[in-house]
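By convention here, the first residue in the shown sequence is residue 1. Given the structure is predicted, the values throughout are model-derived calculations rather than measurements.
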Amino acid sequence: HVQLVESGGGSVQAGGSLRLSCAISGRIYDKYCMLWFRQAPGKEREGVARLHTGTSTTYYADSVKGRFTISRDGGKHTLFLQMNSLKPEDTALYFCAANLGACVDASFNPRTNAYWGQGTQVTVS
């Protein structure tokens with residue numbers, strides 16, 4: 001059984017920074033896709049960033065390009081999302097997810113991801 005647990009959310013002023021973490025535990029395929037999603041009130045869940053654990057290839061949504069950075073630790077046990085120059089429109093519940101298939105555009109469809117954390121709230125005012 002695979003478990004994902006997010007942490008690091010909070011409230012910040014516009015222009016500030018936050019670093020989110022996602023701890024993964026349990027048995028899982030070694031090379032897979034890990035992603036960050038977010039969902040604001042009244043909006044659909046959207047893909048923010050993704051990273052393939054085998055190739056280390058990353059991809060970002062246009063809305064966060066140049067401001068957010070996805071990475072992981074050397075032991076492959078934790079995924080990070082560094083968020084800089086935060087804007088009020090970044091306010092949302094942020095989720096960590098894992099896709100055991102390919103790490104491509106289709107992976108940004110929430111239905112393709114098998115594992116999810118409970119989310120961590122980010123509020124920018």
Hey, could you give me the [atom1]/[atom2] distance between [X] and [Y], rounded to the nearest 0.5 Å?
X    : Y    : atom1 : atom2 : result
C103 : Y32  : SG    : OH    : 11.0 Å
C96  : L20  : SG    : CG    : 10.0 Å
S71  : F80  : OG    : CZ    : 6.0 Å
Y94  : E6   : OH    : CD    : 12.5 Å
M34  : R50  : CE    : CZ    : 14.5 Å
L18  : T123 : CG    : OG1   : 9.5 Å

(request) For residues N84 and S17, report the shortest heavy-atom separation together with the two atoms involved. (result)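 Nearest heavy atoms, N84 then S17: OD1-OG, 2.9 Å.
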Decide whether [X] and [Y] are clustered together by the hydrophobic rule: side chain heavy atoms of Ile, Leu, Val, Met, Phe, Trp, Tyr closer than 4.5 Å, transitively.
X    : Y   : answer
V104 : L51 : no
L35  : L4  : no
F108 : I70 : no

(request) Check the pair T78 / R72 against side-chain contact (heavy atoms from CB on, under 4.5 Å), numbers first and verdict last. (result) CA-CA 6 Å; T78 306; R72 62 183 175 93; over 6 Å; no
Could you list the donor-acceptor pairs under 3.5 angstrom formed by side chains in residues 7-14, with sequence neighbours left out?
from	atom 1	to	atom 2	distance (Å)
Q13	OE1	S125	OG	3.0

(request) Identify, with sequence neighbours excluded, every residue that meets side chain to side chain donor-acceptor pair (under 3.5 Å) alongside S107. (result)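 Listed in chain order: N99.
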(message) I'd like to know whether L93 forms a side-chain contact (heavy atoms from CB on, under 4.5 Å) with T120, so could you lay out the CA-CA distance, the side-chain angles of the two residues, the decisive distance to 0.1 Å, and finally the verdict.
(response) CA-CA 6 Å; L93 188 65; T120 185; 5.6 Å; no
(request) May I ask you to decide if the ring planes of W116 and F37 are parallel, tilted or perpendicular, using 30° and 60° as cut-offs? (result)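 Rings of W116 and F37: tilted, 30 to 60°.
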Closer than 3.5 angstrom, by distance alone: can the side chain of [X] be matched with the main-chain N or O of [Y] as a donor-acceptor pair?
X    : Y    : value
T91  : V124 : yes
N113 : Y115 : no
R45  : Q39  : no
T69  : Q82  : no
R38  : F95  : no

(message) Suppose we call two aromatic rings close when their centres sit under 6.0 Å apart. Are F68 and W36 close by that rule?
(response) no
(request) For atom CD of Q121, decide whether the heavy atoms of other residues, nucleotides or ligands shown that lie under 6.0 angstrom number more than 12. (result)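 Yes, because the 6.0 Å sphere around CD of Q121 holds more than 12 heavy atoms from other groups.
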(message) If you count every heavy atom of other residues, nucleotides or ligands that lies below 6.0 Å from E89 atom CD, does the total exceed 12?
(response)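 For E89, atom CD is crowded (more than 12 foreign heavy atoms under 6.0 Å).
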(request) Start with the C-alpha gap between D90 and M83, add the side-chain angles, then the distance that decides, and say whether side-chain contact (heavy atoms from CB on, under 4.5 Å) holds. (result) CA-CA 10 Å; D90 294 318; M83 305 184 295; over 6 Å; no
